[in-house]
Amino acid sequence: VKMGTSTAREIGMSDKQYLAIKKYNLYSPNELVNIMDILTGVDYKVKSGELPIDLVVDYLICNIIK
């Protein structure tokens with residue numbers, strides 16, 4: 001999916017999110033995929049009970065730093 005050829009609805013984001021990403025273009029497509037992988041992993045771990053909710057912020061910070 002390319003930001004320039006897709007609509008916010010097709011990508012599944014709000015218009016504000018779409019415009020912010022399109023305007024500032026701070027992340028490459030690979031970086032966005034990596035961010036989504038991390039967030040999806042956190043979501044799974046929280047829902048499965050592997051990661052207590054009170055450790056989510058610490059877990060995210062450690063994953064972002066590495």
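Using a 4.5 Å cut-off between side-chain heavy atoms of Ile, Leu, Val, Met, Phe, Trp and Tyr, with links allowed through other members, L51 and I38 fall into the same hydrophobic cluster.
Rounding to the nearest 0.5 Å gives a distance of 11.5 Å between CD1 of I35 and OG1 of T40. Distance CD/E50 to CG/L55: 13.0 Å, rounded to 0.5 Å. Distance CE/M36 to CG/L39: 6.0 Å, rounded to 0.5 Å.
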(message) Checking Y59 against K45 for the side-chain contact (heavy atoms from CB on, under 4.5 Å) test, could you report, in this order, the C-alpha distance in whole Å, the side-chain angles of both residues, the deciding distance, and whether it holds?
(response) CA-CA 11 Å; Y59 182 85; K45 288 179 182 197; 3.0 Å; yes

